[in-house]
J.: 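Here it is, the structure in full.
Every chain is numbered from 1, with letters handed out A, B, ... down the list of sequences. All figures in this text were calculated on a predicted structure; none of them were measured in a lab.
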There are 2 protein chains.
Amino acid sequence: MTEKPVNRKGISKARARFIRESADVRRQALIEATARCLAEKGVAGTSVRAICARAGVSSGLLTHYFDGVDALILATYEDVGVRVSAALEQAVEEAGDDPRDQLRACLQANFRAPILDPDLLATWTAFWSLVRTDPGIAAIHADVYRRTRAQLEALLRAIVPEMPQDRARLAAISLTALVDGLWLEICLDPTTFSAEEAQAMVERAMMLALGQWRGDAGRGDWIDQSDKP
Amino acid sequence: MTEKPVNRKGISKARARFIRESADVRRQALIEATARCLAEKGVAGTSVRAICARAGVSSGLLTHYFDGVDALILATYEDVGVRVSAALEQAVEEAGDDPRDQLRACLQANFRAPILDPDLLATWTAFWSLVRTDPGIAAIHADVYRRTRAQLEALLRAIVPEMPQDRARLAAISLTALVDGLWLEICLDPTTFSAEEAQAMVERAMMLALGQWRGDAGRGDWIDQSDKP
DNA sequence: GGAACTGACAAGCCCATGGCTCTCATCAAC
DNA sequence: GTTGATGAGAGCCATGGGCTTGTCAGTTCC
């Protein structure tokens with residue numbers, strides 16, 4: 001008595017096979033598909049159907065696991081933010097014990113894979129454009145940047161303990177802004193300057209922030225002075 | 001024999017009065033409406049109907065004056081870019097004859113009205129998110145940033161003629177990136193630092209780029225040395 | 001000064017696409 | 001085999017962009 005399933009138009013349909021996955025696997029797949037969509041086609045091209053097609057699932061599944069497409073985008077922002085933080089963290093750990101090396105590594109890692117990636121910037125600009133209108137995105141943004149600055153501030157004060165609190169704060173803000181600006185521009189238009197030049201610029205800014213630069217407008221040499229009075 | 005105009009449903013319609021405007025006025029009105037839409041509702045909320053409602057015209061007029069909504073967004077980018085450049089140019093002119101004052105004014109004007117404006121950032125992030133996918137936007141972006149850097153480079157070399165070409169180039173890139181990063185962050189989240197602090201940071205970076213800073217990690221005083229050896 | 005003309009303009013239709021829901025098939029655990 | 005959650009897929013309503021049609025405001029020519 002098993003009759004073939006028939007839709008409203010009377011056409012027999014064969015439902016596709018599928019495998020059951022855990023909620024975590026599905027969520028992660030949807031998040032990664034969203035990031036790829038944002039990167040490749042921008043916010044406008046990031047639709048439920050596009051995301052689900054990339055994730056290889058049907059469109060109904062998005063609503064099943066997330067509270068709509070906006071919630072998925074928010075989850076994607078969180079995930080991407082965590083991965084960037086992890087990449088920076090790893091760079092710091094691989095840099096050894098000298099806080100100066102750690103700071104340099106933390107800054108320069110922004111101009112190497114996986115952070116130096118135009119696709120990642122496309123994802124990020126999509127989020128920036130949502131900060132204004134979406135309080136949830138704004139909250140995550142504030143948190144991500146606060147953590148970044150706090151980390152830089154801690155490294156600065158580890159290197160130069162006598163640096164005043166306020167100066168460390170402003171230095172961390174400046175370095176973050178410089179890195180952001182360089183990263184933005186090199187991802188948007190890689191022909192203007194190279195990743196190596198970007199790394200040199202942030203290293204120079206770092207040294208200047210540490211107050212270990214002597215004005216020699218012509219040569220640009222570094223003055224090594226590891227121990228301070 | 002004048003019968004009332006009747007639409008397909010047989011309902012008599014009274015066409016709204018309108019006034020004829022010149023093409024320039026209409027184009028400008030549409031461009032400004034687009035900028036406001038981008039600022040308030042992001043790219044997703046910037047539809048033909050939304051733009052035209054803001055401009056106070058019917059939706060058909062957009063196609064009449066522009067080659068679709070994409071072309072209008074592109075024109076808006078051009079217009080906004082020109083206005084920002086004009087604001088910076090004006091700041092330079094009002095700064096007097098000293099190129100040092102001009103450079104400072106050019107940098108610090110980014111943290112005053114009309115450039116320090118979250119709405120403007122929203123517009124700008126919308127454009128950034130389009131650079132990847134739209135070659136027209138990418139070309140305009142490259143041009144705008146090239147001009148900005150060229151201006152900074154010229155000012156730097158006017159202040160310190162003996163500065164090598166490459167160092168001036170990198171300094172201009174760094175200053176642009178710093179300004180962009182600070183401007184981005186202060187517009188996204190004004191609670192992190194103030195406009196005055198941003199101006200102080202760019203002034204400090206400017207002085208450091210000019211090589212007129214002496215390492216005094218603790219105090220942060222300026223060393224005035226207008227004449228160089 | 002009025003009639004014909006030109007083109008800016010409004011209104012609304014058409015089709016595509018978007019997000020979401022609803023129904024029901026399918027799989028895995030018991 | 002039973003069962004219940006996972007998942008597919010069509011459908012629904014809203015919205016979007018572009019186009020077509022027809023009107024009305026200035027202009028021109030007599």
J.: Indicate whether OP1 or OP2 belonging to D/dT6 is found under 4.0 Å from a side-chain N or O atom of A/Tyr65.
T.: no
J.: Looking at A/Asp119 and A/Arg36, is any side-chain nitrogen of the basic one under 4.0 Å from a carboxylate oxygen of the acidic one?
T.: no
J.: Could you say whether A/Val69 or B/Leu61 is positioned toward the 5' end of DNA chain C, judged by the nucleotide with the nearest heavy atom to each?
T.: B/Leu61
J.: Checking salt bridge (charged side-chain N to carboxylate O under 4.0 Å, His left out) for the pair B/Arg83/B/Glu89: CA distance, chi angles, key distance, verdict?
T.: CA-CA 10 Å; B/Arg83 269 189 291 167; B/Glu89 200 69 43; over 6 Å; no
J.: Please determine whether a side-chain nitrogen or oxygen atom of B/Ser47 lies at a distance below 4.0 Å from atom OP1 or OP2 of D/dG16.
T.: yes
J.: Below 4.0 angstrom, which residues in residues 22-46 of chain B have at least one non-hydrogen atom near DNA chain C?
T.: B/Arg26
J.: Looking across every strand, which nucleic acid part, if any, lies under 4.0 Å from A/Ile19 by heavy atom: base, sugar-phosphate, or nothing?
T.: sugar-phosphate
J.: Measure the distance from CD on B/Glu21 to C1' on D/dA25 and round it to the nearest whole Å.
T.: 12 Å
J.: Can you check whether A/Arg17 has a side-chain N or O nearer than 4.0 Å to OP1 or OP2 of C/dC27?
T.: yes
J.: Kindly compute the distance separating CD (B/Glu40) from SG (B/Cys37), expressed to the nearest 0.5 Å.
T.: 7.0 Å
J.: Students often mix this up, so state it plainly: with edges at 30° and 60°, are the rings of B/Trp128 and B/Trp124 parallel, tilted or perpendicular?
T.: perpendicular
J.: Over how many whole Å does the gap from A/Asp67 atom CG to C/dG19 atom P extend?
T.: 14 Å
J.: Between atom CD1 in A/Ile73 and atom P in C/dG18, what is the gap in whole Å?
T.: 13 Å
J.: Please identify each residue that fulfils side chain to side chain contact (heavy atoms under 4.5 Å, CB included) with A/Arg49, with sequence neighbours left out.
T.: A/Ser47
J.: Mind listing the residues from residues 48-55 of chain A sitting with a heavy atom below 4.0 Å of DNA chain C? Number order is fine.
T.: A/Val48, A/Arg49
J.: Check every strand shown and say whether A/Thr63 touches a base, only sugar-phosphate, or nothing at a heavy-atom separation below 4.0 Å.
T.: base
J.: Thinking salt bridges, do B/Glu21 and B/Arg27 make one under a 4.0 Å N-O criterion?
T.: no
J.: Could you tell me whether A/Arg104 and A/Glu203 have a side-chain N and a carboxylate O separated by less than 4.0 Å?
T.: yes
J.: Checking side-chain contact (heavy atoms from CB on, under 4.5 Å) between B/Ile51 and each of B/Ile31, B/Leu61, B/Thr46, which is the one that passes?
T.: B/Thr46
J.: If the cut-off is 4.0 Å, is B/His64 near the phosphate of C/dA8, judged by side-chain N/O to OP1 or OP2?
T.: yes
J.: With side chains defined as the heavy atoms from C-beta onward, is the minimum distance between B/Arg149 and A/Glu185 less than 4.5 Å?
T.: yes
J.: Please state how far atom CZ in A/Phe66 lies from atom P in C/dT21, giving the value in whole angstrom units.
T.: 16 Å
